[in-house]
Visitor: 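Once you've had a glance at the structure underneath, I'll fire off some questions.
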Amino acid sequence: MPELPEVETYRRYFEATCLHQPIEAIDVEDRKLLTTDYATLTETLIGQTFVSTKRVGKNLFIYTNGGSTLHMHFGMTGDLEYYHSSLDRPRHARILFIFKSGFNLGFICPRKFERIGLVEGVDAYLKKKKIAPDALDISLEELTYNIRKRKSFIKPVLLDQSTVAGIGNWIVDEVLFQAKIHPEMLSNQLNDSEIGRIFSATRYVLETAIEHEANYGRFPQHFLIHSREWDVSPYEDAGRHKRCPCDKVETEHMQVGGRTTYYCPECQVLR
DNA sequence: TAGCTTGTTAGTTA
DNA sequence: ATAACTAACAAGCT
């Protein structure tokens with residue numbers, strides 16, 4: 001589920017656990033997960049310490065005391081877990097950063113869509129990958145420009161990381177719901193009011209999600225996300241409801257751009 | 001069980 | 001050349 005709020009939560013977790021400890025070893029179960037060859041990765045990082053972090057969209061960058069930059073992308077199912085005893089090694093922790101302190105950071109990737117590697121620099125990486133400013137940093141002007149220059153359904157345009165960075169399939173549905181915009185509105189036909197609502201809703205949804213450490217079950221009841229079907233604990237399941245918060249109709253779902261899309265046919269009408 | 005899945009990108013088409 | 005769209009990627013879950 002790693003959209004922007006998860007990655008921000010991982011970033012804070014990493015900062016709280018992994019800084020300033022010499023790296024003793026790196027264990028890689030499957031080298032396909034690396035974007036840097038294994039020898040270079042270990043030769044560069046062993047003996048160094050992590051000193052600070054930066055997040056842009058769904059990308060986490062970690063700086064070391066030796067001037068290197070490590071990049072992590074969490075794909076669809078990535079996670080981090082810091083632990084001590086090797087008996088506690090989490091399931092699917094396919095890359096381990098083993099610190100001299102005896103603690104370990106597990107990079108968890110059940111479906112192997114995740115990636116780790118060294119990058120030359122954050123700005124160069126973002127430019128090469130055509131990643132737009134972070135969804136919490138982008139200006140209304142730049143967002144407006146990036147939306148209007150495209151001619152497609154607004155949902156896939158917002159999912160495109162070159163429009164704005166950090167929005168994934170669940171957040172985009174929530175943003176469009178809060179902004180009261182149908183996911184199949186054409187991006188180049190949105191007026192200033194509508195784009196303004198997308199801009200505000202993006203910040204509101206992301207800030208709320210980060211506050212709750214991306215724990216969707218705890219989101220406010222007027223969020224559309226409670227209509228989604230997902231794997232939750234029985235506690236969270238009790239908060240799930242298919243009725244739109246507007247209380248007029250049930251939410252519906254369809255495919256937009258090949259992705260499952262939830263929306264309220266009453267609140268989000270095609271114009 | 002066969003079909004679904006949160007992200008990204010190579011490949012195809014226009 | 002560029003933009004839009006689709007399918008594929010890997011593996012786990014139901």
Side-chain angles (χ1 to χ4, degrees), chain A residues 1-10 28-35 55-60 71-80 90-95 106-117 119 125-132 134-135 145-177 183-189 205-206 209-210 212-217 219 223-234 236-237 240 253-263:
Chain A
M1 293 163 262
E3 301 184 31
L4 187 153
E6 286 89 346
V7 179
E8 176 61 18
T9 302
Y10 300 162
V28 179
E29 177 193 297
D30 185 340
R31 295 187 181 183
K32 281 179 187 167
L33 300 169
L34 299 180
T35 56
R55 181 192 57 72
V56 179
K58 304 168 191 173
N59 300 278
L60 179 58
H71 172 248
M72 291 186 181
H73 195 286
F74 296 93
M76 293 211 286
T77 51
D79 200 354
L80 294 177
R91 206 171 161 213
H92 308 307
R94 302 188 201 273
I95 296 178
F107 183 73
I108 300 170
C109 36
R111 291 179 208 176
K112 297 190 179 180
F113 275 158
E114 302 73 11
R115 293 292 181 269
I116 283 185
V119 295
Y125 180 85
L126 297 175
K127 189 175 179 185
K128 187 178 71 181
K129 294 286 186 175
K130 296 186 167 62
I131 294 172
D134 187 81
Y145 178 80
N146 287 349
I147 287 175
R148 290 241 177 89
K149 76 181 178 189
R150 300 284 300 276
K151 187 180 173 182
S152 182
F153 293 152
I154 184 60
K155 168 157 176 166
V157 168
L158 288 174
L159 282 174
D160 189 330
Q161 303 298 294
S162 70
T163 303
V164 55
I167 296 178
N169 196 43
W170 295 15
I171 300 279
V172 69
D173 284 358
E174 190 66 55
V175 165
L176 291 173
F177 172 72
E184 290 177 325
M185 288 278 288
L186 286 177
S187 58
N188 60 335
Q189 292 178 3
V205 169
L206 292 175
I210 291 169
H212 292 83
E213 298 184 334
N215 185 338
Y216 298 126
F219 287 4
F223 270 43
L224 180 76
I225 200 163
H226 301 294
S227 294
R228 280 191 172 268
E229 297 182 20
W230 63 37
D231 302 330
V232 292
S233 67
E236 289 173 326
D237 194 61
R240 193 144 74 182
H253 59 95
M254 60 180 173
Q255 296 291 117
V256 178
R259 295 290 161 188
T260 300
T261 299
Y262 285 74
Y263 71 108

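The sequence lines fix the lettering, A, B, ..., with proteins before strands; numbering per chain opens at 1. Computed over heavy atoms, backbone and side chain alike; hydrogens, waters and symmetry mates excluded.
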Visitor: Using a 4.0 Å heavy-atom cut-off across all strands, classify A:G258 as base, sugar-phosphate, or nothing.
Guide: nothing
Visitor: Which nucleotide, B:dT9, C:dC9, C:dA4, lies nearest any side-chain atom of A:K129?
Guide: B:dT9
Visitor: Do the side-chain N or O atoms of A:Q161 get closer than 4.0 angstrom to the phosphate oxygens (OP1, OP2) of B:dT8?
Guide: yes
Visitor: Relative to the 5' end of DNA chain C, which residue comes earlier, A:K32 or A:R91, by the nucleotide with the nearest heavy atom?
Guide: A:K32
Visitor: Can you find a heavy atom in the side chain of A:E3 that is under 4.5 Å from one in the side chain of A:W170?
Guide: yes
Visitor: Given B:dT6, C:dG12, C:dA10, identify the nucleotide with an atom nearest to the side chain of A:E3.
Guide: B:dT6
Visitor: Per the atom types in the model, does the base of C:dT2 pair as donor or acceptor with the side chain of A:R150 at under 3.5 Å?
Guide: no
Visitor: Report the nucleotide, chosen from C:dA4, B:dT8, C:dA10, that has the shortest atom-to-atom distance to any side-chain atom of A:R259.
Guide: B:dT8
Visitor: Check this for me: does the side-chain of A:R111 come within 3.5 Å of the base of B:dT5 through a donor and an acceptor?
Guide: yes
Visitor: Taking only N and O in the side chain of A:S152, is any of them less than 4.0 Å away from OP1 or OP2 of C:dC5?
Guide: yes
Visitor: Closest heavy-atom contact between A:V157 and A:S152?
Guide: CG2-CB, 3.9 Å
Visitor: Please give the distance between the P atoms of C:dA7 and B:dG3 as a whole number of Å.
Guide: 15 Å
Visitor: Using a distance-only criterion (donor-acceptor N/O pair, under 3.5 Å, no hydrogens), is the base of B:dG7 paired with the side chain of A:R115?
Guide: no
Visitor: Test A:N169 against A:K155 for side chain to side chain donor-acceptor pair (under 3.5 Å), laying out the working first.
Guide: CA-CA 9 Å; A:N169 196 43; A:K155 168 157 176 166; 2.7 Å; yes
Visitor: If you find the nucleotide of DNA chain B closest to A:T260 and the one closest to A:N59, which residue's nucleotide is nearer the 5' end?
Guide: A:T260
Visitor: Which nucleotide in the list B:dT6, C:dG12, C:dC9 gets nearest to the side chain of A:F113?
Guide: C:dC9
Visitor: Does the side chain of A:K58 come within less than 4.5 Å of A:H73's, by heavy atoms?
Guide: yes
